[in-house]
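Since the structure comes first, as structure tokens, the remarks are kept for the end.
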There are 2 protein chains.
Amino acid sequence: MKEYTDKQASIAHFAKALGHPARIAILHFLASQETCFFGDIHDVLPIAKATVSQHLKELKEAGLIQGDIEGPKVRYCINKENWELARVVFADFFNDCVCKKGSCGCREEQHD
Amino acid sequence: MKEYTDKQASIAHFAKALGHPARIAILHFLASQETCFFGDIHDVLPIAKATVSQHLKELKEAGLIQGDIEGPKVRYCINKENWELARVVFADFFNDCVCKKGSCGCREEQHD
DNA sequence: TTTATTGTTCGCAAAAATACGAACAATAAA
DNA sequence: TTTATTGTTCGTATTTTTGCGAACAATAAA
């Protein structure tokens with residue numbers, strides 16, 4: 001009956017931003033390239049530029065990337081601070097959430 | 001123009017499953033309780049049982065949890081193997097995707 | 001056998017996410 | 001100034017997600 005905690009909302013928020021292959025591909029690309037203009041990103045994705053722009057906006061709103069205007073172009077980049085924050089948030093989450101050995105009565109074997 | 005890789009799809013898939021506070025709350029709860037019946041989970045969430053059941057189904061389909069029928073009850077538990085897989089997938093992702101120092105031309109300071 | 005208890009599934013409604021082309025604004029080049 | 005390049009925003013359509021109550025199935029209890 002209780003509401004969600006800020007921590008839970010925060011994890012879910014980051015996870016949601018990562019919950020689309022296009023956005024993962026964008027982050028992969030940003031990490032691999034030295035030049036990361038909008039056009040370069042668009043070139044490696046199978047979607048229209050309007051859609052790419054939308055995905056970039058979501059990543060920006062989640063704080064995971066930033067964009068700098070350079071002339072008529074826009075240079076995108078991973079936001080290092082929040083990236084590190086997200087890394088820690090996920091690492092903590094996976095560390096906290098473990099079925100302690102023997103603490104639950106679930107069967108060991110997997111089933112469907 | 002290229003499609004997404006299996007790895008990108010896999011990360012996005014796990015992230016999507018984690019992209020709702022109710023599902024994060026469920027995982028937190030499963031990790032903290034010794035008894036994890038459906039009813040116990042429902043009791044700590046602010047949503048109807050039909051909705052809880054739906055979220056559990058999604059987590060199950062993502063492979064993150066499993067459910068065992070015990071009498072008329074159902075005992076849920078984190079799926080340790082896939083949990084470990086997800087942990088590694090995210091850890092790798094955050095390690096791979098870093099804006100190498102000085103490799104991109106983004107401004108250092110944050111802006112809006 | 002009848003009645004509770006426990007969860008899932010069904011059917012539906014509302015909201016959000018995804019995607020696109022067209023129109024637009026801003027800068028750079030001619 | 002006119003034209004081209006670069007991205008964003010707008011409007012819209014489609015799909016997916018989220019949520020609920022009601023109906024249902026399965027086991028346990030009376």
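Below, all heavy atoms of this structure are taken into account, side chains as well, without hydrogens, waters or symmetry copies. Quick caveat, the model's predicted, so the values are computed rather than measured. In what follows, chains are A, B, ... by sequence order, proteins preceding strands, each numbered from 1.
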Across all strands, who's sitting opposite [N] as a Watson-Crick or G-U wobble pair, both distances under 3.5 Å?
{"N": "C/dA23", "value": "D/dT8"}
{"N": "D/dT17", "value": "C/dA14"}
{"N": "D/dA30", "value": "C/dT1"}

Give a yes/no on whether any side-chain N or O of [X] is located under 4.0 angstrom from OP1 or OP2 of [N].
{"X": "B/Y76", "N": "C/dT6", "answer": "no"}
{"X": "B/H55", "N": "D/dT17", "answer": "no"}
{"X": "B/T51", "N": "D/dG19", "answer": "no"}
{"X": "B/K16", "N": "D/dT17", "answer": "yes"}

In whole angstroms, how far is the [atom2] atom of [N] from the [atom1] atom of [X]?
{"X": "B/H20", "N": "C/dA17", "atom1": "NE2", "atom2": "C1'", "value": "13 Å"}
{"X": "B/D43", "N": "C/dT5", "atom1": "CG", "atom2": "C1'", "value": "13 Å"}
{"X": "A/E61", "N": "C/dA16", "atom1": "CD", "atom2": "C1'", "value": "14 Å"}
{"X": "A/E70", "N": "D/dT8", "atom1": "CD", "atom2": "C1'", "value": "17 Å"}
{"X": "B/L56", "N": "C/dT6", "atom1": "CG", "atom2": "P", "value": "16 Å"}
{"X": "A/R75", "N": "D/dT5", "atom1": "CZ", "atom2": "P", "value": "21 Å"}
{"X": "A/I69", "N": "D/dT9", "atom1": "CD1", "atom2": "P", "value": "10 Å"}
{"X": "A/Q54", "N": "C/dA16", "atom1": "CD", "atom2": "C1'", "value": "12 Å"}

Heavy-atom pair of closest approach, residues [X] and [Y]:
{"X": "A/A86", "Y": "B/F94", "result": "CB-CE2, 3.7 Å"}
{"X": "A/R23", "Y": "A/K16", "result": "NH2-O, 3.3 Å"}
{"X": "A/C36", "Y": "A/I41", "result": "O-CD1, 4.4 Å"}

Look at the aromatic rings of B/F14 and B/F90 and report parallel, tilted or perpendicular, splitting at 30° and 60°. tilted

For B/K60, which contact category applies under a 4.0 Å heavy-atom criterion: base, sugar-phosphate, or nothing? nothing

Identify whether any heavy atom of B/K49 sits under 4.0 Å from a base atom; if not, whether one sits that close to sugar-phosphate; answer base, sugar-phosphate or nothing. base

Sorted by position of nearest nucleotide on DNA chain C, 5' first, the leading residue of A/G19 and B/S53 is B/S53

Can you check whether any acceptor in the base of C/dA17 is under 3.5 Å from a donor in the side chain of A/E58, or vice versa? no

Yes or no on side chain to side chain contact (heavy atoms under 4.5 Å, CB included) for A/L64 and A/W83, after CA distance, side-chain angles and deciding distance? CA-CA 6 Å; A/L64 293 170; A/W83 187 257; 3.9 Å; yes

Does a salt bridge link A/E70 with A/K73, judged by any charged N lying under 4.0 Å from a carboxylate O? no

Side chain of [X], heavy atoms from C-beta onward: which of [options] has the nearest atom to it?
{"X": "B/P72", "options": "C/dT6, D/dT5, C/dG7", "value": "C/dT6"}
{"X": "A/K73", "options": "D/dT18, C/dT5, D/dG7", "value": "D/dG7"}
{"X": "A/A48", "options": "C/dG21, D/dG7, D/dC20", "value": "C/dG21"}

